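This report concerns only the one structure given below.
Everything quoted here is computed from the prediction, not taken from an experiment. First the proteins, then the strands, lettered A, B, ... as listed; each starts at 1.
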Amino acid sequence: MYALVDCNNFYVSCERVFAPQLEGRPVVVLSNNDGCLISRSQEAKDLGLKMGEPYHLVRPLLEQHRVQVFSSNYALYGDMSRRVVQVMSSFTPAVEVYSIDEAFLDFSGLDWITKKSDLLTYGQQVRNTVLNYTGIPTCVGIAPTKTLAKLANRLAPRTGPTRTMVLATAADWEPALARVPVDTIWGVGRRYARKLTELGINTGLELARLPEHWLRRHLGGVVGQRLWRELHGQPCLEWNPAEWDDDQLQPNTASRHSVTCTRSFGRPQHQETVLAEAVATFATKAAEKLRRHGQAAHLVTVILGTDRFAPAPGPKTHTAVISLPTSTNDTGMLIKAALQGLRHLRRAGTAYHRAGVLLTGLEPEGQAQLGLFSGSAADQQRSQQLMKAMDGLNARFGRQLVRSAAMGVAKNVDGLLQKPVWAGRAAHCSPRYTTGWDELWQVR
DNA sequence: TCTGGGGTCCTAGGACCC
DNA sequence: TCTGGGGTCCTAGGACCC
């Protein structure tokens, strides 16, 4: 049995933990660059505000109803997420963090749980403990597969103390599937939903009753086949390929395959120096991520994006791939490659709305072969020590205290670091209550 | 002029998720 | 004027090799 624990409206919940007066009031959190709505309190949903709606379109409505608006504060949300996971880990050692606000708990090792009512009680305990220790409300859905656990979570009561739903047998989940539109099923997105409704398949149960081979044929090959099995209570999102050797139903991937850092600019940029500083900054952040995961990259892709919403035809993103002579996670080498890609890519006079750096061809660090172009073993060791020192200082004294010159000079105005000219908008950001020394929550 | 088959690697694109 | 970012997986098709 799996439990899916979902922190509903997680970003709003994080803001409310430190601003309890916002309880019961409409609150929204905006995406990067204050672009669109990515988290809404129930009160905000009740006003008709939709997920992903552009901020500039709903601004009058927000002001009219005095909706509290926040720019996104990932330092805060990431830290709160870590605390929530920590609490959940006390209920089972098998916690799979699925996203910043969701985790699957595997209950199969807990053999004292025998009855459906035990599952319900245990799920409620998870919810109550997370709430008491972190202030973050959650809903819990429990079922034999991840896909059905998602469904159970969705159908869990949104109010009251319980907020847990168990779908233990087909007698539980079939009526549940019959109640939900097909596009609420995990794995059925916009395109598939349209395809299905055109064929008269409107509910989850109608989808589940189609033959397995139909899903394989029409819903993305093995992806559709897995979905069918999951809807019939057969867990297969973590199949071991050895057990299914008649078919390749499970790719065997242990670690991530790419790392990216991309941002929209506050306003379009065309100057080479500005773009270079932005790209160097993204390369730096991506390199840090790489080192945190103990990985190194072979390929650096630079991304420049023009206006995504421009009516003119043609591609809106342009990429250049730089192949490294050896895999690395050295910030300096990655910046150098990224800037080389930028020079290839940039067209003078074009205004770019966003840029980014994508690192692929990943492998565990320390596996680089010494070769003609890769420098000596001593060089590599020196680089690793330098990166370690830099990460240590930045972790201790704040991000980017130690930085590459290519990122540009941080201008110091009245003791405050000035934002780079390409920085996105973030007009409504709350303090980093839990992670910034100078922004800690104050109790008066 | 006729001209196989299998394997691998890479890329682009489409679909999905949060 | 203003529309996020970071991932995943799968498939098809081309290049290349033997």
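Contact between the side-chain N/O atoms of A:T260 and the OP1/OP2 oxygens of C:dG5 is not found at any separation under 4.0 Å. For C:dT3, the OP1/OP2 oxygens have no side-chain nitrogen or oxygen of A:S264 closer than 4.0 Å. A sub-4.0 Å separation between OP1 or OP2 of C:dC10 and a side-chain N or O of A:R226 is present. Side-chain N/O atoms of A:K50 include none lying less than 4.0 angstrom from OP1 or OP2 on C:dT3.
Distance A:H257 NE2 to B:dC10 C1': 15 Å, rounded to the nearest Å. Computed from coordinates, the A:R267 CZ to C:dT1 C1' distance equals 11 Å when rounded to whole Å. In this structure, the CG atom of A:L290 is 10 Å from the P atom of C:dG7, given to the nearest Å. As rounded to whole Å, 15 Å separates atom P of C:dG5 from atom CG of A:L358. Note: CZ (A:R216) to P (C:dC9) measures 17 Å, nearest angstrom. We find that CG of A:D307 is positioned 11 Å from C1' of C:dC2, with the value rounded to whole Å. One interatomic measurement links the two molecules: CG of A:L37 to P of C:dT3, which rounds to 14 Å at whole-angstrom precision. Here C:dT1 presents its P atom at 15 Å from CZ of A:R59, a figure rounded to the nearest Å.
Ring-centre distance between A:Y11 and A:Y74: below the 6.0 Å cut-off.
At the heavy-atom level, A:K289 lies under 4.0 Å from the strands shown only through sugar-phosphate atoms. At the heavy-atom level, A:S72 lies nowhere under 4.0 Å from the strands shown.
A search for side-chain contact (heavy atoms from CB on, under 4.5 Å) contacts involving A:Y133 returns A:V87, A:T129, not counting sequence neighbours.
Checking C:dT3, C:dG5, C:dC10 against the side-chain heavy atoms of A:P54 singles out C:dT3 as nearest. Side chain of A:N32, nearest nucleotide from C:dT8, C:dG5, C:dT3: C:dG5. Checked against C:dT3, C:dC10, C:dG7, the side chain of A:H56 finds its nearest nucleotide in C:dT3.
Residue A:C261 is the one, among A:V223 and A:C261, whose nearest nucleotide of DNA chain C lies closer to the 5' end (criterion: closest heavy atom). Annotation: of the two residues near DNA chain C, A:R263 and A:G220, the 5′-most nearest-nucleotide partner is A:R263.
No side-chain N or O of A:N128 forms a donor-acceptor pair with one of A:Q124 less than 3.5 Å apart.
The NZ atom of A:K45 sits 9.0 Å away from the CE atom of A:M51 when rounded to the nearest 0.5 Å. Going from atom CD of A:E288 over to atom CG of A:L334 covers 11.5 Å, rounded to the nearest 0.5 Å. Within the model, atoms CD of A:E43 and CD of A:E23 stand 8.0 Å from one another, a figure rounded to the nearest 0.5 Å.
Judged by centroid separation below 5.5 Å and plane tilt below 30°, A:F309 stacks onto the base of C:dT3.
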### Watson-Crick and G-U pairing of DNA chain B written in dot-bracket, each distance under 3.5 angstrom, with | for inter-strand partners
....||||||||||||||

### Query
In the 5'-to-3' direction, what one-character label does each nucleotide of nucleotides 12-18 of chain B receive under the scheme B = base within less than 4.0 Å of a protein heavy atom, S = sugar-phosphate only, - = no such atom?
---SSSS

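Heavy-atom contacts from other residues, nucleotides or ligands closer than 6.0 Å to CZ of A:R158 number more than 12. By the neighbour-count criterion of 12 heavy atoms within 6.0 Å, atom NZ of A:K336 is sparsely surrounded, having that number or fewer from other residues, nucleotides or ligands.
Between A:F282 and A:F265, the angle of the ring planes stays under 30°, which puts this pair in the parallel group of the 30/60° scheme.
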### Full working for side-chain hydrogen bond (donor to acceptor under 3.5 Å, both in side chains) between A:D79 and A:T434
CA-CA 7 Å; A:D79 189 58; A:T434 60; 2.8 Å; yes

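Comparing B:dG4 with C:dC16, their C1' atoms sit 16 Å apart, to the nearest whole Å.
Side-chain N or O atoms of A:K195 include one that pairs as donor or acceptor with a backbone N or O of A:H218 at under 3.5 Å.
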